[in-house]
Amino acid sequence: MTATSDNKGAPASASMAVAGAAAPETIQISDPHAAVADLQESEVTRVRTLRGAWRWALLVATAATIFLCINQQFSLRFFMDFTQLNTEYFYLLIALMLPFTFLIFPGSSRAPLDRIPWYDALLFVLTCGAAIWLMMNIRKAAALGWEFEGAPWNVIAAGLVMWFVLMEALRRTGGWSLLLSVLPFTLYPLFADAKWLGPFRGTQSTLEQTTAYHMLSGESLLGIPIQAFADTVIGFLVFGTALMMTGAGKFFINIAFALCGTFRGGAAKVCVFASGLLGTVGGSIVSNVLTAGTMTIPAMKKTGFTPSYSAAVEACASTGAVLAPPVLGATAFVMAQYLNTGYSDVALAATIPSVLYYFGLFAQVDAYAARHQLKGLPRRELPRFWDAFKEGWYYLFVIIVLVVMLLYFKRESHAPFYATALLVILHQWSVPAPWKRANTAVLLLSIALTVAMLWFDIGNPFLWGMCILALMNEFFPGKNWGGGRWLQFLELNGKTFVELIAILAGCGLLIGAFSLTGVISSLANDLLKIAGGDAFLLLIMCAITSLILGLGLTTTSCYIFLAILVAPALEKLGLNKMAVHMFIFYWGMLSSITPPVAIASFAAAGIAGAPAMKTGWESMWVGSIIYFIPFFFVLNPALLLQGENPYLEALGLTAIACFGIVFICGGIQGYQAYVGDLRRAGFMEWPLRVLLIVGGFTIATPGGGIMPISQLQIMALGLAILVPTVILALLLVRRNPITPTKISAH
């Protein structure tokens, strides 16, 4: 395999080419992240590319947003005579980013993409004006309690304008389903005392009171979602864009091919490994599909996987983009804010479930490849590991630095900025020979200085790093970015900021509505009555509701909705708070691989040339282990590293779960490791497969807690199912040694 990088931003591509009569077929890899501008949350594809003055306005607003975030998080006090309130800072971010929603996202399918219609320009101006006016009055509002009563008419008028543009921004970024899910609840306080509402009945407010509370309190528009965006999301999005534009995609895929390409079903294992690596720092499911999939899907098809199965594997592997730490996407940051805990705690809690998920995918792919006798790629077509590692070792180093800062230094808001500065500095490593020694000296000095200042907590290592970066860009012309590349960096960040702030700000009103009416605690009691106090029944109700809502809502909005309505009831049953919220998070994002929506599956099907709905059903089959995992960690939160000294218990539970997952995947795919192809069992194939799934699930299920039986009893029950099943399968498979005809991949 040869790898080529297009640093000028050519679109990702993957092709199979024969280099000559005697040369092996090679896979040409362009950097899949060179110019990807996929959005992070709603994955909308019909967007405008701004030009001229509008583009420059977006670039300036994005630079100002990043500058304000750095100023706020590092307490640089560039405004020496003015201490900015958090609420003023939030409104300033809204004023900078939200108006561009109406320029980037067209209002309808008929709206022009090559120009800005007058009504979108008007909405831009109205949004700017309302946000700035509210920002100018928010300090006085806090002092005089205007969020409850007494707000002047001009503030109420600005609030009504902001309410309207927020709902329109939600429609444009999340679609009609998101708008129709959120809008009625934002209006809910106006009729909250109506008798027909039943358990949703609460304290009613006037239009003026509701508007003031939505726009001026810290519980609605300026609540948890926007706080998460302002405190941590901006930094991690900047880091993700820097990784994307420095070529991390090509590095991760080459590493995956070098490590896994020769194994049985190697191309699919490369897909799982590469998409998992990209997902750890990407945070977006569909953009992961569109980048890694252009490389991995053709390779899978080449080695015998059907188009629909290739697309399904990529969709499931890319789903890990919101499951695998250290960067889990916007929802995880909102979760941390909602739980009033550090983001590092959420990232740490997500570690073992993501390991179980990817282990399950590997087991599924291996069993499928064995059943269909699919081989790996020839070694001569693959990159050497050491060559691939030398080309991009610094990506792993930067991620390690990020993890250390998150888990050891506990600096969630600072970590991505340090990591970004270090990443771009290390990216200058490749320079002309005459400058090599000087550049190496500057590089080592910058690393030592940054680490020392961070360790002793003196000065500001981020600013020092940026100063060194500026010098290196000036004197050492290696892979450094020119002015155009920096502008592209700002533009990609700007588009992502705009789309996310529209969704997060709009969903914030959802929280405000329930907070104002005071209905949350009474609703939790009503749900407990409906479930009869049964934790399992309430969990199943929650799972079904999450899945249904996830079909029409983005992952973040679905999480916010259920964190308000369902989570309090589950917590009242004594379930671990982190486990409850992670359970909601998992089930809310499952719609990405679950028909009829299955947006990740459909995106992968487009690359593979496979039927979309067939790919969706295969994705459910391949990724089916993810439907079990949330129940595992709710039953025993040690799998989320919760509780006192949970690490030893977590290690044992993980090993047991992995053991059970091997049998679950064997049953699903029809090939059990160390037994063989279950088709040889004849008419007993499906009974054996069902028993393997049931036995594997029983073994993997944690005991104790809300379970009526202990871990040992569960394991004994699981083994009682599995042992005779495996023995019978071995006898039947060995009695029929004839291998079934290899199933065609086409």
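Worth knowing before you read on, the calculation uses all heavy atoms, side chains too, and leaves out hydrogens, waters and symmetry mates. Numbering starts at 1 and runs along the sequence shown.
Taking OG from Ser592 and CD1 from Ile285, the interatomic distance works out to 3.5 Å, rounded to the nearest 0.5 Å. The distance from the SG atom of Cys271 to the CD1 atom of Ile297 is 7.0 Å, given to the nearest 0.5 Å.
Using a 30° and 60° split on the angle between ring planes, Phe305 and Tyr309 fall in the parallel class, below 30°. The aromatic rings of Phe659 and Phe663 stand perpendicular to each other, their planes meeting at an angle above 60°, with 30° marking the opposite boundary.
Annotation: side chain of Leu728 is in contact with side chain of Leu688 (closest heavy-atom distance under 4.5 Å). Looking only at side-chain heavy atoms (C-beta outward), Gln711 and Leu653 come within less than 4.5 Å of each other. Counting heavy atoms from C-beta on, the side chains of Ile625 and Leu361 never come closer than 4.5 Å. Under the 4.5 Å side-chain criterion, counting only non-hydrogen atoms from C-beta, Met582 is not in contact with Pro353.
Judged by the 6.0 Å distance and 45° axis criteria, Arg689 is positioned over the aromatic ring of Trp686.
With respect to Lys301 and Glu314, no salt bridge is recorded, no charged nitrogen being found less than 4.0 Å from a carboxylate O.
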Does Ile255 form a side chain to side chain contact (heavy atoms under 4.5 Å, CB included) with Phe273? I'd like the steps, not just the answer. CA-CA 9 Å; Ile255 288 290; Phe273 190 53; 4.2 Å; yes
Between Leu356 and Thr654, is a side chain to side chain contact (heavy atoms under 4.5 Å, CB included) present by the stated rule, with each step listed? CA-CA 7 Å; Leu356 294 178; Thr654 303; 4.0 Å; yes
Under the side chain to side chain contact (heavy atoms under 4.5 Å, CB included) rule, what do Tyr358 and Val272 come out as? Steps first, then yes or no, please. CA-CA 7 Å; Tyr358 277 107; Val272 174; 3.6 Å; yes
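Within 6.0 Å of CG in Leu648 there are 12 or fewer heavy atoms belonging to other residues, nucleotides or ligands.
Only one option out of Phe633, Tyr627, Phe632, Phe631 pairs with Phe583 in a ring-ring contact (aromatic ring centres under 6.0 Å, His included); it is Phe631.
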